[in-house]
Structure formats: structure tokens, C-alpha cells
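Structure, as C-alpha cells:
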Amino acid sequence: NAGVTQTPKFQVLKTGQSMTLQCAQDMNHNSMYWYRQDPGMGLRLIYYSASEGTTDKGEVPNGYNVSRLNKREFSLRLESAAPSQTSVYFCASRRSSDEKLFFGSGTQLSVL
Amino acid sequence: GQQVMQIPQYQHVQEGEDFTTYCNSSTTLSNIQWYKQRPGGHPVFLIQLVKSGEVKKQKRLTFQFGEAKKNSSLHITATQTTDVGTYFCYGGTSYGKLTFGQGTILTVHP
């Protein structure tokens with residue numbers, strides 16, 4: 001039982017490059033989330049998927065797209081990376097909106 | 001939008017001292033959760049509070065939910081070096097919107 005698995009753990013991009021962050025959970029959770037964490041800013045929600053087949057914007061969606069590929073997988077795509085997207089990204093999941101979140105181990109992304 | 005403010009941003013204590021972090025919401029919350037993130041790690045769930053005035057304890061940690069369900073606190077008695085990390089509150093509303101506080105970074109000096 002791996003929980004929430006994120007890949008890659010580290011990534012360095014040049015400005016303008018694209019990449020996809022992968023997230024998968026094996027707990028049969030309905031809801032999945034993508035957060036970014038910056039010093040002094042806490043955890044800010046980028047996008048979320050309340051259930052398979054739905055996605056919604058969070059607080060800071062600009063520059064990102066998501067895909068809820070199936071119930072297990074929720075990917076985050078940066079189409080044209082910018083230095084402002086340098087951050088630590090966390091994927092999280094939970095069974096329902098009043099239950100606890102389970103987090104992946106994070107992706108440290110640097111955009112040069 | 002809903003705001004959850006958390007203070008202080010940083011707290012440095014000597015081992016053995018107490019520590020408290022506070023969360024305040026601009027709207028009434030249906031529940032509040034607390035998470036701990038160790039340095040270099042990911043947030044891990046500690047506890048959830050649902051009822052007005054609720055108090056829960058986990059060993060040296062005491063969690064409170066305010067009577068108006070707009071504020072909450074986490075108190076650690078006699079801190080240890082293992083308590084080092086960032087503590088986040090996470091507030092939920094009846095219409096589903098949830099947001100994290102900015103977190104309190106706790107440093108414990110031995």
C-alpha cells in the first residue's frame with residue numbers, strides 16, 4: 001500500500017519548457033489535489049478534482065492544467081514554465097471533503 | 001474568499017518550553033484539521049475538530065476549536081526536539097471550500 005506517489009521528486013526546467021507532474025493514489029479516494037508550497041506562503045491550492053471526471057480551479061491556477069486520468073491518477077502540467085513556478089509541489093488525496101488529506105512526498109521544481 | 005490566518009509565522013523555543021499556534025477564520029468553519037510537516041517532508045494529518053468548543057489531546061498536544069467555530073489553537077506542552085516542523089491548520093466550510101493557514105514554523109533549541 002504505497003499511498004500517494006508523486007513523480008518526479010526533483011526537476012530542473014528552463015524557462016518555456018513544458019513538463020507533467022504525475023500523481024497516483026492506491027487508496028480508492030474520490031478527491032485529489034495539487035498544491036504548491038513557497039516560503040512564507042503556506043500551501044496554496046492549484047487545482048483539484050472532487051471526483052473522477054471533474055476538475056476545478058483553486059487559488060493559483062494560472063499557468064497550469066490538470067487531467068484526472070482515472071480515479072487513481074491526477075496529473076499537473078506546466079505548458080510553458082516560468083521562474084515564478086519554482087516551488088515544491090504536493091499532490092494529495094482523500095475519500096471525501098470532510099476527511100483527512102494524504103500527501104505525496106513532493107516534487108521540488110526549479111525553473112531557470 | 002475564505003481566509004484562514006495563522007499566527008505566529010515563526011516560533012523559536014528552548015526545549016521544555018510550551019508552544020501555541022493560532023488559526024482564525026473570516027467565516028464559520030464546519031471543521032478544522034491540523035497537520036505537521038517535518039523539515040524536508042510532507043504534511044501529515046494530526047487531528048480533526050468538528051464540534052463547537054471541542055478540545056482534544058494527543059499526549060503533549062492539545063487542540064481547541066472555538067465556540068463560534070471561527071478559531072482554533074494547537075498547544076504543545078514541554079516541547080521536545082522531535083516537535084520541530086511546520087504546523088498547519090486547514091479549515092473547511094459547509095459549502096466545501098477549504099484552505100490552509102500559512103503555517104507556523106517551530107524551532108526547538110536543545
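Only a predicted model underlies this, so the values are computations on that prediction, with no experimental measurement involved.
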Proximity breakdown for B:Gln6 and chain A, heavy-atom pairs closer than 4.5 Å: neither

Under a 4.5 Å side-chain heavy-atom rule over Ile, Leu, Val, Met, Phe, Trp and Tyr, are [X] and [Y] clustered together?
| X | Y | result |
| --- | --- | --- |
| A:Val88 | A:Met19 | no |
| A:Leu101 | A:Leu76 | no |
| B:Tyr22 | B:Phe65 | no |
| A:Tyr48 | A:Leu21 | no |
| B:Leu61 | B:Phe19 | yes |

Proximal component of A:Phe103, with respect to chain B [non-hydrogen, under 4.5 Å]: both

Interchain contact, A:Leu43 with chain B, by part (heavy-atom threshold 4.5 Å):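 For A:Leu43, heavy atoms of backbone and side chain both lie under 4.5 Å from chain B.
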
A:Gln37 side chain to B:His42 backbone, donor-acceptor under 3.5 Å: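 No; zero donor-acceptor contacts below 3.5 Å.
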
Pairwise side-chain contact, B:Thr99 with A:Arg44, heavy-atom cut-off 4.5 Å (strictly under):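 The answer is no, as the side chains (C-beta and beyond) never meet within the 4.5 Å cut-off.
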
Flag side-chain contact, heavy atom, 4.5 Å: B:Gln37 against A:Phe90: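 Yes, at least one pair of side-chain atoms sits under 4.5 Å.
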
A:Lys100 and B:Tyr35: CA distance, side-chain angles, deciding distance, side chain to side chain contact (heavy atoms under 4.5 Å, CB included) verdict: CA-CA 9 Å; A:Lys100 63 182 178 182; B:Tyr35 292 79; 4.1 Å; yes

Minimum heavy-atom distance B:Gln33-A:Glu99, with the two atoms named: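 What the structure gives for the nearest pair is NE2-O, 3.1 Å.
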
Within the 6.0 Å centroid threshold, strictly below: B:Phe45 and A:Phe102: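 B:Phe45 vs A:Phe102: aromatic centres not under 6.0 Å.
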
Part of residues 67-90 of chain B lying next to chain A, heavy-atom separation under 4.5 Å: B:Phe88, B:Tyr90

Other residues, nucleotides, ligands: >12 heavy atoms within 6.0 Å of A:Arg95 CZ: no

Fellow cluster residues of A:Leu112, listed by chain then number, with links counted only when side-chain atoms sit under 4.5 Å apart: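 Members besides A:Leu112, by chain and number: A:Val12.
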
